[in-house]
Trainee: 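The structure follows.
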Amino acid sequence: MSGREDSAPSTSSSLPSSFGTIHIQNPTISSKQLNQKHVISEASNSIVPGGLYKRDASGESNIGLAIIGVSHGSQALLQSIAEENGYHLYYIVENQRLAVETAFSEGLLAKTRVLQEKDVDIVLSDQRVSGVVICSPPEVAAAMTLETLKAGKAVLCEKLLSKNRQLVETCFDEADKQGKPLVCGFYKRFDPALKYLFKKIHQKNALGRIQKLSTVSRTFPSSSISKIKTSGGIFYNAALHDIDIAIWLLGVSLPDTVFSLGHAFCSDMATLKDADTVNISMKFCGGSIVNLDVSQHCTKSCDQRLELYGLQGSLRLDNQNPLCIIENGSSSPTPSQTHNERYREAYRELFCHFIRTIKGISHPVITKEQYVYALQVAAAAEQSLHSGSAVDLTNEAVHVSIIKTEVT
């Protein structure tokens, strides 16, 4: 299978076609180029075109925004918000002033009002604000999302909404009721390389029937214990994104079977009764097998890889390395890259996508059904780790509320 037919979004060369593999490195593409590229959209909750935004002197849309929970937000997302144009940031809601001053410049803060969390009603009642970015941890995020939607404002929820399926569905249903977009923070969907893989699989049918998908997702640097504690654990904080990518790339819904193994190599993680490294295996009704290697920590640089095998060929996404050689632990220097650096363009496009949904140009690409699918698989993987047995998701009586187990 030749890689010359539709070149990957990268400056590096593909592997020879005789290997049957298109080798894609992480691309460096500007946000302007991203906006000009192919946009993959799916049916989702309804939105009302337009919204409460005004035009500046140049005629460009000037959308009013607010951010809640900066201290919990991704550095890459906050950087994108600080750098992008076409909107006005009216409010930042955060109790920790230092987190705000670290994330944003003095110039931006001079034009933005910083509020305590107890004063969030000021944001919700301000008609100039048409969209709110919520970076709060789960459960808090769900409650805030509901209140924001009821106030008639669009929402970008960066973190997990909730472990509770009913609460998640309520948030999406409220978005439909209010006619406002609810954009969920599955940032990997917006990564240029992964979008390219999706296009090759579904538009070019480059691989034929998919046999296996394998991913490696190891973050660097490690998240703080306090953030991990409030994030919902490894299955909901880290693995959920890879579960969504697997389901999205394969174009399927729920797997038949989920099995996971894991361990807490860090003693602090053991005290939280959570694992810091897990391996999740899934098998789908069509025979496709998925294997996810997920870890909350990695040495020197983040490790993000993906391999797809089909009846007609394979595709591989490697770490960003000009030589395509990874030598962790060796004396040879390897380029260091943080997780935020690796997915900077993905977060930027996620934010730009949010702006487009407020304008009515796009619909949110993550649907309620897709979000619930990922949540169900994460819950099944968590149960499997604690029980030591595979979880059968073909049983219609199994729900997230039953699957989810708490370790005592």
Side-chain angles (χ1 to χ4, degrees), residues 44-73 77-78 80-95 97 99-100 103-136 140-159 161 167 170-185 350-364 366 368:
S44 184
N45 45 294
S46 60
I47 63 174
V48 174
L52 295 173
Y53 60 94
K54 60 184 181 179
R55 302 272 176 180
D56 60 21
S58 65
E60 293 297 323
S61 301
N62 192 4
I63 297 172
L65 295 182
I67 307 176
I68 299 175
V70 168
S71 62
H72 299 280
L77 176 61
L78 298 177
S80 297
I81 294 173
E83 293 176 352
E84 288 300 313
N85 300 316
Y87 79 95
H88 183 85
L89 184 62
Y90 284 104
Y91 299 100
I92 297 174
V93 181
E94 174 57 56
N95 289 342
R97 180 74 190 193
V100 176
F104 300 106
S105 66
E106 293 182 4
L108 186 145
L109 293 178
K111 300 179 291 183
T112 305
R113 186 178 178 185
V114 180
L115 300 173
Q116 295 286 300
E117 292 177 3
K118 61 182 178 64
D119 298 320
V120 70
D121 286 345
I122 296 175
V123 175
L124 301 183
S125 61
D126 192 332
Q127 294 301 305
R128 298 173 302 171
V129 176
S130 52
V132 179
V133 179
I134 299 175
C135 304
S136 306
V140 175
M144 186 54 61
T145 295
L146 281 173
E147 289 301 312
T148 305
L149 289 169
K150 289 177 180 178
K153 304 183 189 303
V155 173
L156 165 55
C157 185
E158 184 206 349
K159 306 296 183 185
L161 278 166
L167 189 51
T170 300
C171 289
F172 278 95
D173 291 342
E174 187 64 32
D176 282 333
K177 178 181 177 181
Q178 298 294 334
K180 295 296 177 181
L182 170 55
V183 174
C184 297
L350 169 64
F351 178 67
C352 291
H353 171 66
F354 179 51
I355 297 298
R356 291 193 294 270
T357 64
I358 296 176
K359 293 180 179 180
I361 298 173
S362 302
H363 289 276
I366 293 93
K368 177 174 73 173

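Throughout, residue positions are numbered sequentially from 1 according to the sequence presented.
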Trainee: Could you grab the distance from atom CG of Asn95 to atom OG of Ser71, nearest 0.5 Å is fine?
Mentor: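 Answer for the CG-OG pair, Asn95 versus Ser71, is 8.0 Å.
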
Trainee: Might you point out which heavy atoms bring His353 and His363 nearest each other, and give the distance in Å?
Mentor: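 Taking His353 first and His363 second, the nearest heavy atoms are CE1-O, 3.2 Å.
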
Trainee: I'd like to know whether Ile92 forms a side chain to side chain contact (heavy atoms under 4.5 Å, CB included) with Leu109, so could you lay out the CA-CA distance, the side-chain angles of the two residues, the decisive distance to 0.1 Å, and finally the verdict.
Mentor: CA-CA 9 Å; Ile92 297 174; Leu109 293 178; 3.7 Å; yes

Trainee: Can Tyr91 and Asp126 be counted as having a side-chain donor-acceptor contact under 3.5 angstrom?
Mentor: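 Side-chain D/A pair, Tyr91 to Asp126: present.
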
Trainee: Assess whether side chain to side chain contact (heavy atoms under 4.5 Å, CB included) is satisfied between Val93 and Ile122, documenting all intermediate values.
Mentor: CA-CA 10 Å; Val93 181; Ile122 296 175; over 6 Å; no

Trainee: Go through it in stages, so that I can follow the logic: the residues are Leu124 and Thr148, the test is side chain to side chain contact (heavy atoms under 4.5 Å, CB included), and I'd like the CA-CA distance, side-chain angles, deciding distance and then a yes or no.
Mentor: CA-CA 6 Å; Leu124 301 183; Thr148 305; 3.7 Å; yes

Trainee: To the nearest 0.5 Å, how far apart are CG in Leu161 and SG in Cys184?
Mentor: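 That separation rounds to 5.0 Å.
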
Trainee: Supply the atom-to-atom distance Asp121 CG to Glu147 CD, rounded to the nearest 0.5 angstrom.
Mentor: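 Here the interatomic distance stands at 8.0 Å.
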
Trainee: Going by heavy atoms in the side chains, are Lys180 and Lys153 under 4.5 Å from each other?
Mentor: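 Answer no - side chains too far apart.
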
Trainee: Using every non-hydrogen atom in the two residues, find where Lys150 and Glu174 come nearest and quote the distance to one decimal.
Mentor: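 The answer is CG-OE2, 3.3 Å.
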
Trainee: Mind listing the closest non-hydrogen atom pair of Phe104 and Ile67 along with its distance?
Mentor: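 That would be CZ-CD1, 3.6 Å.
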
Trainee: Starting at CD1 of Ile134, measure out to CE of Met144 and round the result to the nearest 0.5 Å.
Mentor: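 Here the rounded value is 6.5 Å.
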
Trainee: Quick one: pull up CG in Leu115 and CD in Glu117 and give me the separation to the nearest 0.5 Å.
Mentor: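 Between Leu115 CG and Glu117 CD, I get 11.0 Å after rounding to 0.5 Å.
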
Trainee: Measure the CD-SG distance between Glu84 and Cys352 for me, rounded to the nearest 0.5 Å.
Mentor: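 Here the interatomic distance stands at 4.0 Å.
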
Trainee: Looking only at heavy atoms, which two atoms of Ala141 and Ser136 are closest? And how far apart?
Mentor: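 So the two residues come closest at CB-O, 3.5 Å.
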
Trainee: Determine the minimum heavy-atom distance between Ser130 and Ile63, stating which atoms define it.
Mentor: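 Heavy atoms only, the tightest pair is OG-CG2, 3.0 Å.
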
Trainee: So do the side chains of Ile358 and Leu65 get within less than 4.5 Å of each other, counting heavy atoms only?
Mentor: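 Of all side-chain heavy-atom pairs linking Leu65 with Ile358, at least one is under 4.5 Å.
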
Trainee: I want to check something: taking the side chain as every heavy atom from C-beta on, are Leu167 and Leu146 in contact at a cut-off of under 4.5 Å?
Mentor: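 Sidechains of Leu146 and Leu167: in contact.
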
Trainee: For Phe351, give me all partners under ring pair (Phe, Tyr, Trp, His ring centres under 6.0 Å), at least two apart in sequence or on another chain.
Mentor: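 Only Tyr87 meet the ring pair (Phe, Tyr, Trp, His ring centres under 6.0 Å) criterion with Phe351.
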
Trainee: Identify the two heavy atoms, one from Phe354 and one from Gly131, that lie closest to each other, and give their separation to 0.1 Å.
Mentor: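 That would be CZ-CA, 4.0 Å.
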
